[in-house]
Amino acid sequence: MGWSWIQDTALGKPIEVFRFPSDLSSCDRRLCSSIHFTSQDWVTLSDGTGTLYLIHILRNDQSAAGKWELKFNQELGDPFIVLHSVLYTRSEVQIIDALILSIEKDELDVEGSGFHVSLEWISITCSPNDDKYEILKRRNLHGKSVPHYAAIEPDGNSLTIISYKPFRFIADETNQPEEERMEEEEKKGKEVRELFKMTFALPEGAGRAVLSSGSVEVTLAKREVGNMWAEVIAGDTQGEFVADPAQSAAIAERLMHLTSEDLNPNPDCEKPPCNAQELEECDMSLEDSTTLCRFDGNTTKATHVVNLGGNQFLFSLEAAPELMPCFSLRHDVDALMWQPVSSQGDNLWDHAATFNALGYVQASKQDKKFFTCAPNFSYAALCECVRRIFIYRQPTPVSTVLYNRKEGRHVGQVAKQQVASLESSDPILGFQASNERLFVLTTKKLFVIRVNTAG
């Protein structure tokens with residue numbers, strides 16, 4: 001089916017709204033600048049050298065863009081990009097939470113890449129009336145892969161991450177509550193070095209005149225309390241491990257709540273202890289599969305961990321400014337949109353939309369670079385590295401009912417697939433969709449394609 005696409009020229013002349021206060025060209029490790037619209041009136045910005053900026057937009061009738069005023073900027077360390085930010089009020093104080101990503105050297109990773117991914121969750125108090133802004137809290141997470149998705153809940157209480165490798169919070173005493181810090185110090189004061197005793201039997205005639213027991217005992221103090229040693233010398237399996245009776249009893253007591261005298265004490269319960277059909281999937285290591293993890297911002301503990309299994313992550317999108325970004329997963333041949341929700345229960349997300357067969361179609365596009373959809377889910381689009389753009393519309397009713405001879409059924413709706421080709425061979429660097437238009441940024445031009453008619 002042929003069609004024509006329209007390059008939209010209705011946009012006005014670009015207006016400069018903000019300029020970085022210093023020259024950034026001299027920075028050797030500079031990343032691309034990144035921006036996130038925290039709210040209608042606030043912008044979180046990174047210059048790519050390691051400085052975070054907060055900008056307040058003052059609305060007026062003279063300019064649709066408003067006046068951008070720099071309210072806060074601070075050097076944070078390594079160059080980073082802004083992933084997400086939210087604005088909320090707590091105890092009558094406005095707070096902006098920003099999530100930033102950087103790549104750091106990992107001196108302990110001698111067998112891997114030597115680097116880890118750092119996510120920093122920063123809370124900044126905002127007082128526009130007295131022009132006072134300060135960092136309230138900084139929390140760090142480390143992982144071994146760049147996350148597919150990372151977003152803060154609108155109320156600032158939790159963080160959701162989708163990644164191939166897990167992320168973990170890194171302890172920071174400066175952000176630790178005083179009560180927890182004192183408890184840990186008291187616990188450390190009570191700790192004693194854990195001892196490990198080795199007994200060597202002496203051969204006949206060796207030292208037996210002096211040692212009536214016929215053996216020599218060597219006692220070592222473990223550097224890390226609590227670690228169980230499978231062997232004393234790496235690779236040497238000689239000897240026998242004899243557990244201390246008191247230690248064995250303590251371990252058994254800690255595991256008591258996980259055991260039962262019966263194999264299945266309540267076989268007729270609504271939720272049986274396991275499903276034999278799911279054992280294979282459950283045996284998969286979370287280290288080697290994509291997981292969704294929700295962290296509590298106060299305890300820094302994971303409240304939910306979901307193994308996404310074979311549901312490939314496709315893309316994410318901010319469909320509504322008051323909600324967390326939604327994300328798309330492949331389910332069989334389809335692409336399903338999921339909207340994360342702020343909830344204390346087990347309901348982590350709601351189904352938002354389905355793009356039929358799009359999961360299968362996108363897999364055939366080997367050169368795809370960006371993937372997105374309209375905020376109202378009326379169409380999805382992906383682009384290749386250069387020039388070509390593919391648009392997939394949701395099914396719409398047709399004026400005349402069609403008949404599918406192969407399947408022997410009538411068809412009342414048709415989903416159109418369309419292709420646009422830019423008049424440029426420059427690499428595509430950016431790709432965003434509104435309900436009516438696609439915005440495609442190359443190294444030299446910004447192309448605007450009208451997809452739907454407003455209204």
Within the distance-only criterion (no hydrogens, no angle test), does the side chain of [X] pair as donor or acceptor with the backbone N or O of [Y] below 3.5 angstrom?
X	Y	value
His351	Ala353	yes
Asp106	Gly114	no
Asn307	Gly309	yes
Gln394	Thr354	yes
Arg90	Asp155	yes
Arg393	Val451	yes
Arg19	Pro21	no

Do Phe327 and Leu314 have side chains that approach each other closer than 4.5 Å (heavy atoms only, starting at C-beta)?
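Sidechains of Leu314 and Phe327: no contact.
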Does the side-chain hydrogen bond (donor to acceptor under 3.5 Å, both in side chains) test come out yes or no for Glu75 and Thr51, once each step is laid out?
CA-CA 4 Å; Glu75 172 71 34; Thr51 301; 3.0 Å; yes
Taking atom [atom1] of [X] and atom [atom2] of [Y], what is their separation to the nearest 0.5 Å?
X	Y	atom1	atom2	value
Ser34	Asp47	OG	CG	9.0 Å
Leu441	Ile428	CG	CD1	9.5 Å
Asn452	Leu438	CG	CG	9.5 Å
Leu382	Arg388	CG	CZ	10.0 Å
Ile391	Cys373	CD1	SG	13.0 Å

Parallel, tilted or perpendicular for Trp42 and His56, by the 30°/60° rule?
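The rings of Trp42 and His56 lie parallel, inter-plane angle below 30°.
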Taking the six-membered ring where the residue is Trp, are the ring centres of [X] and [Y] under 6.0 Å apart?
X	Y	answer
Tyr164	Phe313	no
Phe169	Phe167	no
His331	Trp338	yes

Closest contact, heavy atoms only, Ile124 versus Leu52
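In terms of heavy atoms, the two residues are closest at CD1-CD2, 3.8 Å.
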Checking side chain to side chain contact (heavy atoms under 4.5 Å, CB included) against Pro147, which of Leu119, Leu141, Thr160, Thr290 comes through?
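Exactly one candidate clears the test, Leu119.
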Applying the side chain to side chain contact (heavy atoms under 4.5 Å, CB included) criterion to Trp121, which one of Leu159, Ile100, Thr300 satisfies it?
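Single side chain to side chain contact (heavy atoms under 4.5 Å, CB included) partner of Trp121 among Leu159, Ile100, Thr300: Leu159.
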Please evaluate residues Thr38 and Thr44 with respect to the criterion side-chain hydrogen bond (donor to acceptor under 3.5 Å, both in side chains), reporting the C-alpha separation (whole Å), side-chain torsions for both, the decisive distance (0.1 Å), and the verdict.
CA-CA 6 Å; Thr38 309; Thr44 305; 2.7 Å; yes
Output yes when Lys71 and Glu69 qualify as a salt bridge under the 4.0 Å nitrogen-oxygen rule, no when they do not.
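Salt bridge flag = yes for Glu69 with Lys71.
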Atom NZ of Lys369 with >12 non-hydrogen neighbours under 6.0 angstrom
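Yes, enclosed.
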With a cut-off of 6.0 Å (strictly less than), are more than 12 heavy atoms of other residues, nucleotides or ligands near CD of Gln432?
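Not buried by this count: 12 neighbours or fewer within 6.0 Å.
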Check the pair Tyr149, Met324 against side chain to side chain contact (heavy atoms under 4.5 Å, CB included), reporting the backbone distance first and the verdict last.
CA-CA 11 Å; Tyr149 174 99; Met324 295 176 68; 3.8 Å; yes
Begin from the C-alpha positions of Asn140 and Ser118 and carry the test side chain to side chain contact (heavy atoms under 4.5 Å, CB included) through to its verdict.
CA-CA 7 Å; Asn140 287 277; Ser118 174; 3.9 Å; yes
Could you walk me through whether Met337 and Phe355 pass side chain to side chain contact (heavy atoms under 4.5 Å, CB included), step by step?
CA-CA 8 Å; Met337 302 298 303; Phe355 290 97; 3.9 Å; yes
Go through it in stages, so that I can follow the logic: the residues are Phe20 and Asn73, the test is side chain to side chain contact (heavy atoms under 4.5 Å, CB included), and I'd like the CA-CA distance, side-chain angles, deciding distance and then a yes or no.
CA-CA 10 Å; Phe20 289 116; Asn73 65 300; over 6 Å; no
